[in-house]
Protein chains: 2
Amino acid sequence: MTMKNNPHINKALDVLKKSPLKLTTQRTRLIEILFKNGDQHFTAEDVYKEVNKYRYKISLATIYNCLNQFTKHEILKSVRLSGDKVYFDTNTERHHHFFCKSTEKLSDIKSSDVKISNLPKIPRGKKLESVEVVVNITD
Amino acid sequence: MTMKNNPHINKALDVLKKSPLKLTTQRTRLIEILFKNGDQHFTAEDVYKEVNKYRYKISLATIYNCLNQFTKHEILKSVRLSGDKVYFDTNTERHHHFFCKSTEKLSDIKSSDVKISNLPKIPRGKKLESVEVVVNITD
DNA sequence: TCTTAAATTAGAATAATTCTAATTTAATCT
DNA sequence: AGATTAAATTAGAATTATTCTAATTTAAGA
């Protein structure tokens, strides 16, 4: 009964297959769950709870391992911000975030929706890696 | 031999005196050390190491307590970003940061040095709290 | 000086994450 | 298909930053 031909799932699975990572049951299962509904944001604990609603159980260690490997191979993007937990994002494009301090939920801001100008020069000898904009909001 | 009349120290001490916080030996000592050189960024652990170079020791619990109280009373600002630790900043004005992933050091970007335009509208029912820009750099 | 709420402290507790070491498994090689 | 092996999974221990607890001390006002 699992929805076949979900384009988000297929795209993520393709990236996994092209990576040097092994195509394990756990990884496939995780991708099916995480990418089922397009762009989503979640913590390792969120994933652990969600996954284990089903009869196929995955250990927390594996969830951490997979999320980190997926991030390394650009199947996911990690977002670290105020608060103690790391968030993972199914959107791997360059973009920014709203972060609601009340609900602790993230939502995307398209990169093209924010214009940053006048950025001062990068300190001597350093090189630019990324620009992250977080718009903190509350209820 | 401690430098009297350091304006950064005096300013911070004044804010402390105007706050409901008690003027304890530890708090005075911390302010003298943290504000000695103007704008600085540090973690609780940094402060613990720095403080305990001197003969007057302050416990780690007190350092956490003080840094948090100082933040609540706007003597310091806290900055949370990629990485696991909270940074504290002697600059309490609205501003942004460079974060060097190699050295794990922060440096300030004046608010006026970044122009953000075109920010999408805040989701329904939410209100804006702050906009944080972090420019990640590397060696 | 007396009082008392707030501050300090050592050490225990917590929470997110990573590590360890044993077991299992996917993918490759006959 | 069966054997091989490096990678993956796992439970549980370890780690790290931070907060909590509960006992003691102290600042500041009466």
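Numbers restart at 1 for each chain; the letters A, B, ... are given by sequence-line order, proteins then strands.
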J.: If each of A:Y56 and B:E45 is mapped to the nucleotide of DNA chain D with the nearest heavy atom, which maps nearer the 5' terminus, i.e. the 5' end?
T.: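 Between the two, 5'-proximity favours A:Y56.
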J.: Taking five pairs at each end of the helix from C:dT1-D:dA30 to C:dT30-D:dA1, what angle separates the two helix axes (nearest 10°)?
T.: 30°
J.: Verify the distance criterion only: is there a donor paired with an acceptor across the side chains of B:T28 and B:T25 at less than 3.5 Å?
T.: no
J.: How close or far is atom C1' of C:dA7 from atom CG of B:L16, stated in whole angstroms?
T.: 12 Å
J.: Give each protein N/O atom lying under 3.5 Å from an N/O atom of nucleotides 26-30 of chain D, with the pair distance.
T.:
| from | atom 1 | to | atom 2 | distance (Å) |
| --- | --- | --- | --- | --- |
| D:dA27 | OP1 | B:T25 | OG1 | 3.3 |
| D:dA27 | N3 | B:K22 | NZ | 3.3 |
| D:dA28 | OP1 | B:L23 | N | 3.1 |

J.: Kindly list each side-chain donor-acceptor pair under 3.5 angstrom involving residues 68-79 of chain B, sequence neighbours excluded, with atom names and distances?
T.:
| from | atom 1 | to | atom 2 | distance (Å) |
| --- | --- | --- | --- | --- |
| B:N68 | ND2 | B:Y64 | O | 3.2 |
| B:T71 | OG1 | B:L67 | O | 2.7 |
| B:H73 | ND1 | B:Q69 | O | 3.0 |

J.: Give a yes or no on whether a salt bridge exists between B:K53 and B:E50, defined as a side-chain N under 4.0 angstrom from a carboxylate O.
T.: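 Judged by the 4.0 Å cut-off on N to carboxylate O distance, B:K53 and B:E50 do form a salt bridge.
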J.: Provide, to the nearest angstrom, the distance between the CZ atom belonging to A:F70 and the C1' atom belonging to D:dT9.
T.: 13 Å
J.: For B:D108 and B:H41, does a side-chain donor sit closer than 3.5 Å to a side-chain acceptor?
T.: yes
J.: Count the heavy atoms of every other residue, nucleotide or ligand shown that sit under 6.0 Å from NZ of B:K115, and state whether that count exceeds 12.
T.: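 Yes, the 6.0 Å shell around NZ holds more than 12 heavy atoms from other groups.
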J.: Could you state the NZ-P distance from A:K17 to C:dA27, rounded to the nearest angstrom?
T.: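 Value for this atom pair: 10 Å.
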J.: If I take atom CZ in residue A:R29 and atom C1' in nucleotide C:dT25, what distance separates them, rounded to the nearest angstrom?
T.: 18 Å
J.: Could you give the NZ-to-P distance, from B:K85 to C:dT17, as a whole number of Å?
T.: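 For the pair B:K85 NZ and C:dT17 P, the rounded distance is 14 Å.
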J.: Output the distance between atom NZ (B:K105) and atom CD1 (B:I137), rounded to the nearest 0.5 Å.
T.: 12.5 Å
J.: What side-chain hydrogen bond (donor to acceptor under 3.5 Å, both in side chains) pairs are there with at least one residue in residues 12-22 of chain A, not counting sequence neighbours?
T.: none
J.: Can you tabulate the close N/O pairs, meaning under 3.5 Å, that link protein atoms to atoms of nucleotides 18-24 of chain C?
T.:
| from | atom 1 | to | atom 2 | distance (Å) |
| --- | --- | --- | --- | --- |
| C:dT18 | OP2 | A:N68 | ND2 | 3.1 |

J.: Would you kindly give the CG-to-C1' distance between B:D84 and C:dA16, to the nearest whole Å?
T.: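 For the pair B:D84 CG and C:dA16 C1', the rounded distance is 10 Å.
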J.: Between atom OH in A:Y48 and atom C1' in C:dT17, what is the gap in whole Å?
T.: 14 Å
J.: Not counting sequence neighbours, list each pair that qualifies as a side-chain hydrogen bond (donor to acceptor under 3.5 Å, both in side chains) and has a residue in residues 122-139 of chain B.
T.: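 Qualifying pairs: A:K126-B:D139, A:S130-B:N136, A:E132-B:N136, A:N136-B:S130, A:N136-B:E132, A:D139-B:K126.
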J.: D:dT9, OP1 or OP2 - any side-chain N/O from A:T62 closer than 4.0 Å?
T.: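 No, no such contact exists.
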J.: Please report, rounded to the nearest Å, how far the P atom of C:dA7 is from the CG atom of B:L67.
T.: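 Rounded to the whole Å, the gap is 14 Å.
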J.: Grab the two heavy atoms, one from B:V47 and one from B:L30, that are nearest each other, plus how far apart they are.
T.: CG1-CD2, 3.6 Å
J.: Is the closest side-chain heavy-atom distance between B:F42 and B:T90 below 4.5 Å?
T.: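 A side-chain contact under 4.5 Å exists here.
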J.: Taking only the side-chain nitrogens and oxygens of B:R27, find out if one of them lies under 4.0 Å from OP1 or OP2 of C:dT8.
T.: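 True: B:R27 side-chain N/O within range (under 4.0 Å) of C:dT8 OP1/OP2.
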J.: Can you see whether B:D89 engages B:H95 through a side-chain donor-acceptor pair at a distance of less than 3.5 angstrom?
T.: yes
